[in-house]
2 protein chains.
Amino acid sequence: MNTTTTAKRRYRGTGVEERKAERRQLLIDAATEVYGRNGYRHSGVKQVCDAAGLTQRYFYESFSHSDELLIACYEQAARRLREENANAAQAAGISPAARSKAMLLAYFQSLKDKPLIARLLLIEIRGISPAVDCAIDEALKATSDDMARMFTSPGQKTDLSDELLLAGVLGGVIHIALHWMATQYRAPVEEVVETAFKLSGSLLEV
Amino acid sequence: MNTTTTAKRRYRGTGVEERKAERRQLLIDAATEVYGRNGYRHSGVKQVCDAAGLTQRYFYESFSHSDELLIACYEQAARRLREENANAAQAAGISPAARSKAMLLAYFQSLKDKPLIARLLLIEIRGISPAVDCAIDEALKATSDDMARMFTSPGQKTDLSDELLLAGVLGGVIHIALHWMATQYRAPVEEVVETAFKLSGSLLEV
DNA sequence: GAATTCTGACAATTTAGATTGCCAAATTGT
DNA sequence: ACAATTTGGCAATCTAAATTGTCAGAATTC
């Protein structure tokens with residue numbers, strides 16, 4: 001005897017949709033961990049579900065392919081990182097140099113603090129499927145835009161519209177991070193930031 | 001009636017070892033093509049063998065895993081590209097600026113001329129297996145060393161030993177290439193070279 | 001407390017592909 | 001011509017994993 005159409009029974013204090021969303025989030029968090037540790041293509045649905053404390057049935061409740069979950073993980077991680085960076089930059093005032101340094105520091109520090117997320121974001125990720133690649137491209141584009149904003153003085157006319165150069169600088173920053181990771185984060189973070197800043201000099205000298 | 005021990009019967013005018021090596025090379029070339037077109041993880045042993053005009057039996061004659069073939073492809077492509085670049089740089093005289101520009105031009109031109117090899121070298125390649133990643137790292141390191149040599153005047157003392165910065169510049173160049181590829185090589189090669197050169201400015205201003 | 005819906009575990013099915021094994025036809029040496 | 005060896009094709013096997021299906025028991029509503 002439904003009130004209207006949808007039976008809205010409550011379990012553990014929450015509604016159907018809510019619980020479903022919780023499980024989805026649980027899967028995303030667990031998968032982020034697992035993928036970061038083993039790499040996406042060496043992790044299976046079962047492994048992720050075990051880590052999430054859920055059974056495989058629930059995987060297919062929220063995602064139709066493994067890819068979908070990977071994309072969700074990637075997007076969540078990329079969004080959070082971008083937010084952190086943006087906040088750090090905001091707090092650093094209006095000088096382009098100060099802002100960009102603050103942003104770089106926030107970026108590298110995050111990667112060091114969360115190495116699993118770093119791996120998820122930077123390696124073992126390209127070429128899984130067109131949809132995944134697409135998500136990556138979007139995230140990079142967004143980051144690239146952020147960068148352009150940081151490196152431009154608020155009233156400045158200079159159009160940092162040289163997409164190619166922006167892509168290059170961003171790629172450089174990423175590879176500095178990769179190299180840093182590959183050497184067990186040996187170099188102090190300040191040095192890494194300084195190097196990345198030097199590299200991005202080509203953007204400031206417009 | 002062997003001369004000594006090994007039966008050296010000849011088929012099609014060549015000895016056993018030689019034919020085996022031929023088949024191996026045939027597989028490498030075919031695989032380079034196939035992997036560049038479909039991506040490694042969307043290509044199977046069968047597909048490669050068909051493209052090579054050989055049967056699967058011969059795959060296992062030369063390689064024990066698919067990975068091995070991928071590594072062979074990657075190393076061949078990377079080596080050739082590096083050789084081309086080095087030659088171009090040699091021919092450009094001794095000025096670091098001229099040499100590095102020549103090198104960049106050779107690099108980008110090759111990528112444009114052989115888009116399949118470009119895909120093999122730059123995308124869909126990381127994270128296949130530790131062995132593959134290792135091969136990639138070695139190739140990048142070698143390229144990085146080449147770069148350091150190009151950017152140093154013959155009698156110069158400046159140690160371009162800042163590995164981190166070198167890795168960054170190389171990464172930047174790679175991402176410029178990726179962006180160029182993603183936009184169907186729209187920008188003229190000279191412009192791309194110019195952008196990459198600008199990015200690597202941080203190496204020259206030591 | 002009875003009916004209903006949700007949950008967790010697990011078995012069954014499908015799929016995709018690698019790897020191995022076998023054999024008939026072709027090629028070569030003698 | 002005949003024995004030995006190579007070749008190419010293909011079927012059989014093996015493996016790993018995704019995906020679907022079933023079901024008994026727990027939680028919830030009324």
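Because the structure is predicted, anything quoted here is derived from the model rather than measured. Just so it is clear: chains get the letters A, B, ... in the order the sequence lines come, proteins before strands, and each one is counted from 1. Just the heavy atoms: all of them, side chains too, but no hydrogens, waters or symmetry mates, feed the values below.
The environment of CD in B/Q90 is sparse: at most 12 heavy-atom neighbours from other residues, nucleotides or ligands sit within 6.0 Å. Counting non-hydrogen atoms of neighbouring residues, nucleotides and ligands closer than 6.0 angstrom, the NE2 atom of B/H42 exceeds 12 such neighbours.
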In residues 43-56 of chain A, what donor-acceptor pairs under 3.5 Å come from side-chain atoms, sequence neighbours left out?
{"from": "A/S43", "atom 1": "OG", "to": "A/G39", "atom 2": "O", "distance (Å)": "2.7"}
{"from": "A/K46", "atom 1": "NZ", "to": "A/D50", "atom 2": "OD2", "distance (Å)": "3.1"}

Going by atom type alone, with no hydrogens or angles, which donor-acceptor pairs under 3.5 Å involve a side-chain atom of residues 113-123 of chain B and a protein atom two or more places apart or on another chain?
{"from": "B/D113", "atom 1": "OD1", "to": "B/Q109", "atom 2": "NE2", "distance (Å)": "3.2"}
{"from": "B/K114", "atom 1": "NZ", "to": "B/E84", "atom 2": "OE2", "distance (Å)": "2.9"}
{"from": "B/R119", "atom 1": "NH1", "to": "B/G36", "atom 2": "O", "distance (Å)": "3.3"}
{"from": "B/R119", "atom 1": "NH1", "to": "B/R37", "atom 2": "O", "distance (Å)": "3.1"}
{"from": "B/R119", "atom 1": "NH2", "to": "B/E124", "atom 2": "OE2", "distance (Å)": "2.2"}

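In this structure, A/L70 atom CG and D/dA18 atom C1' are separated by 16 Å, rounded to whole Å. Here D/dG9 presents its P atom at 15 Å from CD of B/E61, a figure rounded to the nearest Å.
Comparing the start and finish of the helix from C/dG1-D/dC30 to C/dT30-D/dA1, five pairs each, the helix axis swings through 10°, to the nearest 10 degrees.
Considering only residues two or more places apart in sequence or on other chains, A/D29 meets the salt bridge (Lys or Arg N to Asp or Glu O under 4.0 Å) condition with none of them.
No side-chain heavy atom of B/T32 sits less than 4.5 Å from a side-chain heavy atom of B/Y74. Residues A/F197 and A/V173 form no side-chain contact, since every pair of their non-hydrogen atoms from C-beta on lies 4.5 Å or further apart.
Screening residues 133-143 of chain A for salt bridge (charged side-chain N to carboxylate O under 4.0 Å, His left out) gives A/R126-A/D137, A/K141-A/D145 as the qualifying pairs, with residues at least two apart or on separate chains.
For DNA chain D, the residues of residues 40-60 of chain A within the heavy-atom distance limit of 4.0 Å (strictly under) are A/G44, A/V45, A/Q56, A/R57, A/Y60, sorted by number.
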